[in-house]
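Scope of the values below: all heavy atoms of this structure, side chains included, with no hydrogens, waters or symmetry mates. Given the structure is predicted, the values throughout are model-derived calculations rather than measurements.
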Amino acid sequence: MRGYKEPSFQDRVASANRARDEALAKLRAKPPVDEAVLAEQNARRLEREAAALEKSRLARVAREEAKAEKARLAKEAAEAAAAAKQKPELTEAEKKAARDAKYEARKKRKK
């Protein structure tokens, strides 16, 4: 039985040249690109890119509007909390009336 014979340098060069020639022949056999088809593909690509840009712009605008709305609501909540914490200043007469009402309520509970 004969052993495995490694290809020589010339065999490898010839094989590479054959592969290159086959690849070139395959490339040359390919039909040329039709300009109208290419223009249509480019137009569709540009439409897709424009749609994607518009979509991202709308999303960015929506995020900014949501952020502004959230800030407005937070500001309103802070103002409402501050207003709730502020007690109106009572006049001396109102303070005396409140104190008297408290004392009267205490007296009624004891009876």
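- With a 6.0 Å radius and a threshold of 12 heavy atoms from other residues, nucleotides or ligands, Glu89 has its CD atom at or below the threshold.
- No side-chain heavy atom of Lys67 sits less than 4.5 Å from a side-chain heavy atom of Arg63.
- For the atom pair CG (Leu53) and CZ (Arg60), the distance works out to 9.0 Å, reported to the nearest 0.5 Å.
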| said: If you apply the rule salt bridge (charged side-chain N to carboxylate O under 4.0 Å, His left out), what do you find for Arg72 with Glu76, and how did you get there? | reply: CA-CA 6 Å; Arg72 185 185 63 78; Glu76 287 178 3; 2.4 Å; yes
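- Of the inter-residue distances, the one linking Asn42 atom CG with Glu35 atom CD reads 9.5 Å to the nearest 0.5 angstrom.
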| field | Evaluation steps, salt bridge (charged side-chain N to carboxylate O under 4.0 Å, His left out), between Lys26 and Glu22 | value | CA-CA 6 Å; Lys26 189 176 181 181; Glu22 288 171 5; over 6 Å; no
| request: Determine, step by step, whether Glu54 and Arg57 satisfy the salt bridge (charged side-chain N to carboxylate O under 4.0 Å, His left out) criterion, reporting the C-alpha distance in whole Å, the side-chain angles of both residues, the deciding distance to 0.1 Å, and the verdict. | output: CA-CA 5 Å; Glu54 182 64 18; Arg57 185 188 68 79; 2.7 Å; yes
| task | For the pair Glu49 and Arg45, evaluate salt bridge (charged side-chain N to carboxylate O under 4.0 Å, His left out) and give the outcome as yes or no after the intermediate values. | result | CA-CA 6 Å; Glu49 289 174 0; Arg45 180 182 49 83; 3.3 Å; yes
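- One distance of note links CZ of Arg28 with CG of Asp21; it measures 8.0 Å at 0.5 Å rounding.
- Taken from CD in Glu94 to NZ in Lys96, the straight-line distance is 13.5 Å, to the nearest 0.5 Å.
- Within 6.0 Å of CD in Glu6 there are 12 or fewer heavy atoms belonging to other residues, nucleotides or ligands.
- No side-chain heavy atom of Leu58 sits less than 4.5 Å from a side-chain heavy atom of Lys55.
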